[in-house]
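Heavy-atom basis, side chains included; hydrogens, waters and symmetry copies ignored. In this text, all values refer to a predicted model and were calculated from it rather than measured experimentally.
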2 protein chains.
Amino acid sequence: MAAPRKSNRSAAPARDASAATAAPRAIAEQLERHGVRPSAQRVAIASYVLGTEDHPSADQVWARVKERFPMVSRATVYNTLRHFTEKGLLRELVLAEGRQVFDPVVEPHHHFVDDETGAIRDIPWNALKVAKIDELEGLDVREYMVVVRGVARGARKG
Amino acid sequence: MAAPRKSNRSAAPARDASAATAAPRAIAEQLERHGVRPSAQRVAIASYVLGTEDHPSADQVWARVKERFPMVSRATVYNTLRHFTEKGLLRELVLAEGRQVFDPVVEPHHHFVDDETGAIRDIPWNALKVAKIDELEGLDVREYMVVVRGVARGARKG
DNA sequence: CCGAAAGTTGGACTTAGTCTAAAACTGTCA
DNA sequence: TGACAGTTTTAGACTAAGTCCAACTTTCGG
Ligand SMILES: [Mn+2]
Ligand SMILES: [Mn+2]
Ligand SMILES: [Zn+2]
Ligand SMILES: [Zn+2]
């Protein structure tokens, strides 16, 4: 269900690098559409976390946001991430040892955890197919994902 | 891979209830077979954690073991669980918010997380089938599991 | 028995995350 | 504009999970 678009990876604006930060106006509007009042802090946090492919932890978000907005407090970042999550702008995932991380891709998809670097990557929904989910006895399934662990075979030579 | 046996659930002695504790002698032998010296503390810890179906956290193991062995220290429980994990007697899983838990079923299998109670249940390996894992580009897959979330439809009326 | 190695212990320490109460903003309306 | 209420942010206290450590105890080989 939930018609995952066919994107192979990054059908989105392909942000990811450090100097992310989409137009603040667009971000403010995105927040408003989800019922979140766009304060300065919230826009600063959103401009990183809603655009990343990194699955960052809360403290990683804090560190990133402080670069551009040094006086933002930890409580604000934690509150805001929770708020975004409640409003459906983010998902919170718990995939690996001591890392609860946030994911701006709220549509169903799978995940790959690199055992060497700890990096988490998205796997598009229809890159994999899970059979027999509907045959599970006595379980009311709300959602599921495949968690794949291994190492990324580096295509980083040439 | 890793030829998961066909067990539907609990092909093992079906322990689970509180008064678990299989024969201490058998447990000591199991530890030795895995290269773990069977001290009194380790046998006490093993006799709970190697037989449970509960996926307990480290502190839950501590609480349980203290009932029968009140002077055991927290450090010992944490050390021992790590030791067991290194020796392949346990796996450590991170599936849900603030819960890294231990699993005595080290063969590949899937998991169900009850969103209401937080309980984690095993799903036998061939109750589900994941297709196209081998087609993932650039990833060296070491293991994978399906994580299913939902609620257990209570068969608890009659 | 002895000494070395392995195991255990309580408590200090660390880190992620939550909570709180006060301060700062924001929007509304007189 | 000025007052007010509601909302947001803030620093720092607090909590809980987990690690580390140095001292103590047990085990084992000789
Ligand atoms: Mn751990
Ligand atoms: Mn959280
Ligand atoms: Zn993701
Ligand atoms: Zn399991």
Side-chain angles (χ1 to χ4, degrees), chain A residues 24 27-28 31-32 34-49 55-66 68-87 89-102 118 120, chain B residues 24 27-29 31-32 34-49 54-66 68-87 89-102 118 120:
Chain A
I27 289 170
L31 296 187
E32 273 165 349
H34 285 257
V36 177
R37 271 223 261 167
S39 70
Q41 288 88 337
R42 285 170 177 176
V43 169
I45 292 166
S47 84
Y48 166 59
V49 81
H55 302 82
S57 70
D59 270 10
Q60 283 169 350
V61 174
W62 188 35
R64 204 53 115 69
V65 170
K66 268 194 298 191
R68 294 169 172 252
F69 201 145
M71 68 301 299
V72 73
S73 84
R74 201 147 95 106
T76 297
V77 172
Y78 277 80
N79 290 341
T80 300
L81 291 171
R82 193 180 341 172
H83 194 176
F84 285 1
T85 301
E86 282 161 4
K87 294 301 188 173
L89 283 156
L90 289 177
R91 273 208 289 178
E92 198 177 347
L93 304 178
V94 186
L95 293 178
E97 173 88 19
R99 309 185 58 199
Q100 37 201 301
V101 303
F102 293 88
I120 297 168
Chain B
I27 288 170
E29 278 160 17
L31 296 187
E32 275 166 346
H34 286 257
V36 176
R37 271 221 260 167
S39 69
Q41 288 88 338
R42 284 170 179 178
V43 170
I45 292 165
S47 86
Y48 166 60
V49 80
D54 276 355
H55 302 81
S57 71
D59 270 9
Q60 283 169 350
V61 174
W62 188 35
R64 205 52 115 70
V65 170
K66 268 195 299 191
R68 294 170 172 253
F69 201 147
M71 70 298 300
V72 73
S73 84
R74 202 148 94 107
T76 296
V77 172
Y78 276 80
N79 290 342
T80 300
L81 291 171
R82 193 178 343 170
H83 194 177
F84 285 2
T85 302
E86 283 161 3
K87 296 299 189 176
L89 284 156
L90 289 178
R91 273 206 288 178
E92 199 176 347
L93 303 178
V94 186
L95 294 179
E97 173 87 21
R99 308 186 59 200
Q100 39 202 301
V101 304
F102 294 87
I120 297 168

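Relative to the side chain of B/Arg82, the nucleotides D/dC20, D/dT9, D/dA17 differ in distance, and D/dC20 lies closest. The side chain of B/Ser39 has C/dT8 as its nearest neighbour among C/dG10, D/dA11, C/dT8. Of all nucleotides listed (D/dT9, C/dA16, C/dG7), C/dA16 comes nearest to the side chain of A/Asp59.
When heavy atoms are screened at a 4.0 angstrom cut-off, B/Arg37 is found touching the sugar-phosphate backbone but no base atom.
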- Going through the checks in order, is the side-chain contact (heavy atoms from CB on, under 4.5 Å) test met by B/Phe69 and B/Gln41? CA-CA 8 Å; B/Phe69 201 147; B/Gln41 288 88 338; 3.9 Å; yes

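Considering only side-chain N and O atoms, B/Ser73 lies nowhere under 4.0 angstrom from the phosphate OP1 or OP2 of C/dT8. Using a 4.0 Å cut-off, some side-chain N or O of A/Gln100 falls inside it from OP1 or OP2 of C/dG17.
Side-chain atoms of B/Arg74 come within donor-acceptor range of the base of D/dG18, with a qualifying N/O pair under 3.5 Å.
Rounded to the nearest 0.5 Å, atoms CG (A/Leu90) and NE2 (A/His83) are 11.5 Å apart.
Nearest-nucleotide positions on DNA chain C place B/Gln41 closer to the 5' end than the other of A/Ala75 and B/Gln41.
Atom OH in A/Tyr78 sits about 21 Å away from atom P in D/dT8, given to the nearest Å.
In this structure, the side chains of B/Val94 and A/Leu95 stay at 4.5 Å or more apart for every pair of heavy atoms.
When all heavy atoms of B/Trp62 and B/Ser73 are compared, the pair lying nearest together is NE1-C, 3.6 Å.
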